[in-house]
Structure formats: structure tokens, C-alpha cells
**Student:** 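Below you will find the structure I want to go over with you.
Note that the coordinates shown come from a computational prediction; the quantities given were computed from them, not determined experimentally.
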Amino acid sequence: MTQKQLQKSSILLVLPLYPKSTMASDGFRPLDEKSLVEYIKSTPSLVSILGKQFDKLEIKEVGDGNLNFVYIVVAPSGSIVIKQALPYIRCIGESWPMAKERAYFEATALKEHARLSPKHVPEVYHFDRTMCLIGMRYLEPPHIILRKGLIAGVEYPLLAQHISDYMAKTLFFTSLLYLTTTDHKRAVAEFCGNVELCRLTEQVVFSDPYKVSEYNRCTSPYLDADAEAVRNDNGLKIEVAELKSKFCERAQALIHGDLHTGSLMVTHDSTQVIDPEFSFYGPMGFDIGAFIGNLILAYFSQDGHAEQANNRKSYKVWILKTITETWNLFHQKFLALWDEHKDGPGEAYLPEIYNNTELRQLVKQKYMKELFEDTLGFGAAKMIRRIVGVAHVEDFESIKDVAKRADCERQALSCAKKLLKERRNIKSIEEVVSTIEQVQLQ
């Protein structure tokens with residue numbers, strides 16, 4: 001996409017500000033399979049894809065996530081995914097209310113990220129703000145959730161190439177490196193409305209794991225002492241406080257907000273990013289760290305999935321290679337975009353001021369160093385919460401031998417604490433890989 005095309009379509013970033021009264025979503029009702037058929041009949045944009053053979057619709061609810069209903073709808077002439085937000089956290093129940101208007105921010109982020117990275121974000125066909133409902137492209141088999149592929153030991157040779165491309169484009173083009181301050185601030189203001197999802201992240205990532213909380217859990221009794229050690233680690237708490245401050249205060253770019261391995265659907269030659277309902281303008285390192293941190297969790301889970309016929313050693317090597325390539329390719333592509341648009345509209349580093357090669361190089365080095373440190377910090381915090389907080393990952397939960405599972409989780413927890421505390425002294429992604437390997441040998 002050329003600079004002129006990006007500028008022409010940047011109107012998508014300048015979103016209208018809606019008064020709170022329009023967010024009330026009067027007329028909302030949760031849909032089941034029967035009422036969904038009636039909804040489809042009355043929605044021309046869905047009929048245009050699925051056709052009018054309503055008696056032949058095949059509908060399956062597949063929402064195994066924490067928050068929403070998700071339906072796959074297949075018809076003789078087409079298919080679609082319908083996602084509807086609920087007014088509570090699905091994995092907890094009505095005791096934990098949650099603003100269903102988050103669907104608006106998800107649909108908006110999907111459209112914007114699809115504009116910037118169309119090869120890696122599914123198209124949105126329909127959005128109903130009242131019903132908090134999104135209709136989007138169905139990612140047909142053999143697409144599967146990346147986390148499930150990692151548990152099964154499947155290699156995806158283009159994963160690092162694809163995800164680095166997605167992250168470089170969505171983060172660069174929604175930052176002040178490319179945008180004017182006017183466009184950037186208006187977009188920031190719009191996404192500030194997604195406050196409840198941000199508060200949920202603040203709670204489950206940066207608060208609950210470091211105190212006694214009714215929602216915390218761990219593989220008990222094996223990790224009880226490890227969870228208590230996290231709650232009593234003053235050094236860890238100081239570092240997490242700094243990360244929480246950055247998460248809450250730094251509106252760096254339009255981030256996905258929950259870019260873990262359960263938010264990607266993949267085949268050997270396709271990578272699709274889904275579920276950006278946590279999206280807002282936040283620190284870039286939160287997205288990059290979430291993805292890399294979840295790959296590290298997958299790495300430490302492999303011994304729990306190993307069998308006599310497959311010890312997973314070669315697969316662990318592939319995961320480490322993917323971690324290395326993800327950061328290095330992102331670094332390369334992000335800087336290439338920066339160089340390409342150095343004389344563009346972005347107001348972070350005005351060319352009249354940063355007007356010589358040496359100065360621009362120093363600026364880029366400082367920027368990328370801080371971004372790398374943020375990536376490690378946020379990635380480690382996401383790892384910790386998946387072990388001693390709420391909403392664990394299937395990578396570990398699917399290990400049937402509880403003692404073996406606890407051993408894998410303890411190694412991951414040890415690695416996360418090390419990365420979090422020592423992130424400023426780690427100079428390269430290769431050093432991160434060395435740290436991971438050293439922890440596994442202990």
C-alpha cells in the first residue's frame with residue numbers, strides 16, 4: 001500500500017465520538033441457534049453471503065473462549081462466523097458483568113487492521129451495534145487455532161514471517177511515526193471508550209497475580225508455594241507496577257490487546273489474527289510480548305506432551321527459532337517502514353529536526369531498545385498471569401499428569417520472572433532464547 005493510499009484511507013482512523021447514551025444498546029438480546037436463523041433472514045448483508053435456503057443452514061456454537069458466543073454458519077452458497085458479545089464474562093458467569101459494547105471496538109479494530117494488513121485479518125461483512133454482533137469471514141478448515149496446533153506439535157513455517165508483517169504494519173501505521181497528532185489523538189479518544197476491557201487486563205495481568213484474589217488459581221498443591229512467592233516478591237511487584245503504568249498511560253499505537261496464540265488461526269501457508277475486542281491505543285510491546293510470551297509458554301509445555309514415539313525435542317527447537325525470527329523480522333520490517341515514511345505525515349520525529357543520518361540512527365536505536373524491553377516485560381507478565389492468575393492456557397491444562405504439568409509451569413514461571421526482572425540487561429532475542437534454554441536445564 002502506498003503512502004498516498006494510506007493517507008487517503010486514514011479517514012478510518014478518525015472515528016466519530018459517540019455519546020455514552022448510544023452505547024446503551026437498547027434492544028439487545030442474546031441469540032441462540034433458532035433465533036439466529038431469524039436474525040439472518042432479516043439481515044440483507046448476511047443473506048447476500050449465505051443465500052436464502054434457510055432450511056439448509058448448518059449452525060454450530062464454537063465459542064470456547066472466555067467472553068462471547070461464536071457461531072459458525074454454513075449454507076450451500078457460503079459461510080460466515082457470527083460473534084456476539086455478552087454482558088458478562090462467559091467463563092465466570094453473570095457474577096462478573098462486562099460491557100457488551102466491546103463488540104464495537106472489536107469490529108472497528110478488525111476493519112482498521114484489515115485495511116493495514118489485509119492478508120492476515122479476516123474481512124468483516126456485517127456489524128450490528130445494538131445486538132453487539134459481528135459477521136465476518138469464516139476461516140475454513142484446515143485453519144485451526146494456533147494454540148491447538150502448538151499442542152499437537154505442528155510446525156508452521158511461515159508463522160514468524162506472517163505475524164511480524166501484521167505487527168509491523170498495524171503498529172507502525174497507527175503510531176505517531178506515521179500519523180499526525182490530530183489523527184492520532186482523535187483515534188486515541190475513540191478507543192478510550194473500551195475502558196472496561198482495559199480495566200479487565202489491568203486486573204488479571206498486573207494486579208491479581210500479585211495478591212490474594214478469589215479468581216486466582218494454580219496447579220495446587222504443587223504450585224502453592226510458587227504462587228505465594230510471586231505475591232511476596234517485592235522486586236517483581238516494582239517491575240510490574242512500571243509495566244502497569246505504561247499499559248494505562250502510553251497511547252503508542254492501536255494494539256490488538258490480546259494477541260496470544262489463541263487469537264490466531266493458521267494453516268501451513270495462512271495466518272489470520274482474530275478477536276481484537278481488547279483493542280485500544282496502548283504500548284506496542286504489549287502485543288509483541290503477548291505473542292512471544294505465549295510461544296515461550298508453548299515451549300515449556302512440550303515436555304508434558306512428549307511421548308515415547310516423539311520426545312518433542314526437534315519441535316522445541318522450532319519454537320525457539322520462531323521466537324527468534326518473529327522479533328528479528330518485526331525489527332527489520334518496522335524499521336523499513338520507518339525509513340520509507342521518514343518524510344511522511346508522522347509528527348513524532350519531524351524531519352526538519354532529525355535531519356541527519358547519525359541522529360536518525362540514534363533515535364531508532366533508542367526507540368527499538370525500549371520497545372524490546374517492553375516486549376520482554378509485558379510478555380513475562382502475561383506468562384505469570386497464565387500460571388498463577390485466572391484463565392490459564394490449554395498448553396498446560398491439557399497435560400493430564402498433574403505433577404508433570406506443575407513441573408512445566410514452574411519452569412515457565414521461573415523464566416518469566418527472570419525475563420521481567422532482567423529485561424533491561426538483555427540485548428537481543430538470542431539472549432532470550434539462551435535464558436529459556438538455561439531455565440529448562442535447571
Side-chain angles (χ1 to χ4, degrees), residues 146-147 149-157 159-161 163-164 219 222-223 226 229-230 233 235-236 239 260-261 285 288-332 369 371-388 393-396 398-399 401 403-442:
L146 174 58
R147 193 184 304 282
L150 294 170
I151 292 169
V154 180
E155 294 186 15
Y156 298 98
L159 176 61
Q161 185 71 247
I163 194 65
S164 62
T219 303
Y222 301 92
L223 294 185
D226 301 87
V230 168
D233 192 326
L236 205 59
E239 297 298 336
H260 54 71
T261 53
I288 311 165
F291 180 73
I292 289 177
N294 273 261
L295 285 183
I296 298 173
L297 291 177
Y299 174 87
F300 282 108
S301 76
Q302 293 304 311
D303 286 352
H305 299 294
E307 302 168 347
Q308 191 170 3
N310 182 3
N311 60 19
R312 297 287 180 111
K313 286 185 179 180
S314 63
Y315 192 63
K316 287 160 68 176
V317 170
W318 175 81
I319 293 177
L320 294 180
K321 180 180 176 225
T322 301
I323 291 170
T324 303
E325 289 181 349
T326 294
W327 171 260
N328 285 340
L329 286 169
F330 167 80
H331 186 279
Q332 171 189 325
K369 179 178 183 296
L371 181 51
F372 184 62
E373 291 172 5
D374 285 354
T375 293
L376 298 186
F378 286 123
K382 295 277 279 184
M383 291 171 65
I384 291 170
R385 83 91 157 186
R386 292 294 192 178
I387 298 168
V388 298
V393 291
E394 188 181 355
D395 308 66
F396 292 130
S398 58
I399 300 172
D401 185 325
K404 173 68 77 173
R405 181 199 311 161
D407 287 341
C408 295
E409 290 175 316
R410 184 176 291 110
Q411 288 183 329
L413 183 60
S414 175
C415 180
K417 292 195 290 185
K418 193 174 183 68
L419 292 176
L420 186 52
K421 291 179 177 179
E422 299 178 9
R423 66 189 186 280
R424 296 177 192 85
N425 299 319
I426 299 174
K427 306 303 181 187
S428 69
I429 195 68
E430 288 78 13
E431 287 185 37
V432 174
V433 167
S434 294
T435 299
I436 295 169
E437 292 175 321
Q438 288 166 12
V439 168
Q440 178 121 93
L441 292 174
Q442 292 173 359

**Student:** Side chains of Asn328 and Glu430: do they bring a donor and an acceptor to under 3.5 Å?
**Tutor:** yes
**Student:** I want to check something: taking the side chain as every heavy atom from C-beta on, are Trp327 and Leu371 in contact at a cut-off of under 4.5 Å?
**Tutor:** yes
**Student:** Answer whether the closest heavy-atom distance between the side chains of Tyr299 and Gln440 falls below 4.5 Å.
**Tutor:** yes
**Student:** Which residues pass the salt bridge (charged side-chain N to carboxylate O under 4.0 Å, His left out) test with Arg312, sequence neighbours left out?
**Tutor:** none
**Student:** Going by side chain to side chain donor-acceptor pair (under 3.5 Å), name the residues that satisfy it together with Asn311, two or more places apart in sequence or in a different chain.
**Tutor:** none
**Student:** So, the side chain of Gln302 versus the backbone of Leu150: is there a donor-acceptor pair under 3.5 Å, distance only?
**Tutor:** yes
**Student:** What's the spacing between Leu419 CG and Thr435 OG1 if we round to 0.5 Å?
**Tutor:** 6.0 Å
**Student:** Between atom CD of Glu373 and atom CG of Leu420, what is the distance when rounded to the nearest 0.5 Å?
**Tutor:** 12.0 Å
**Student:** When you measure from the side chain of Arg385 to the backbone of Lys382, do you find a donor-acceptor pair of N or O atoms at a distance under 3.5 Å?
**Tutor:** no
**Student:** Hey, does the side chain of Ser414 reach the backbone of Gln411 with a donor-acceptor pair shorter than 3.5 angstrom?
**Tutor:** no
**Student:** Go through the steps to decide whether Phe330 and Ile429 satisfy the test side-chain contact (heavy atoms from CB on, under 4.5 Å), and finish with yes or no.
**Tutor:** CA-CA 12 Å; Phe330 167 80; Ile429 195 68; over 6 Å; no
**Student:** Nearest 0.5 Å please: distance from the NE2 atom of His305 over to the CD1 atom of Ile399.
**Tutor:** 4.5 Å
**Student:** With sequence neighbours excluded, tell me which residues meet side chain to side chain donor-acceptor pair (under 3.5 Å) with Thr261.
**Tutor:** Arg147
**Student:** Tell me, which pairs form a salt bridge (charged side-chain N to carboxylate O under 4.0 Å, His left out) where one or both residues lie in residues 407-419, sequence neighbours left out?
**Tutor:** Asp226-Arg410, Asp407-Arg410, Lys418-Glu422
**Student:** Hey, is NZ on Lys313 packed in by over 12 heavy atoms from elsewhere, all under 6.0 Å?
**Tutor:** no
**Student:** With the side chain counted from C-beta on, respond yes when Lys316 and Asp303 share a heavy-atom pair under 4.5 Å apart, and no when they do not.
**Tutor:** yes
**Student:** With a 4.5 Å heavy-atom cut-off, do Thr322 and Tyr156 have their side chains touching?
**Tutor:** no
**Student:** Name all residues meeting the side chain to side chain donor-acceptor pair (under 3.5 Å) criterion together with Lys404; count only those two or more places apart in sequence or in a different chain, and write none if there are none.
**Tutor:** none
**Student:** Checking the side chain of Asn294 only, and the main-chain atoms of Ala290 only, is there a donor and an acceptor separated by less than 3.5 Å?
**Tutor:** yes
**Student:** So that I can tick it off, tell me whether Arg386 and Asp395 are bridged by a salt bridge, with the cut-off set at under 4.0 angstrom between side-chain N and carboxylate O.
**Tutor:** no
**Student:** What residues form a salt bridge (charged side-chain N to carboxylate O under 4.0 Å, His left out) with Glu325, not counting sequence neighbours?
**Tutor:** Lys321
**Student:** Just so I know, are the side chains of Leu236 and Val230 near enough to count as touching, which here means a heavy-atom distance under 4.5 Å?
**Tutor:** yes
**Student:** Starting at OG1 of Thr324, measure out to CG of Leu329 and round the result to the nearest 0.5 Å.
**Tutor:** 10.5 Å
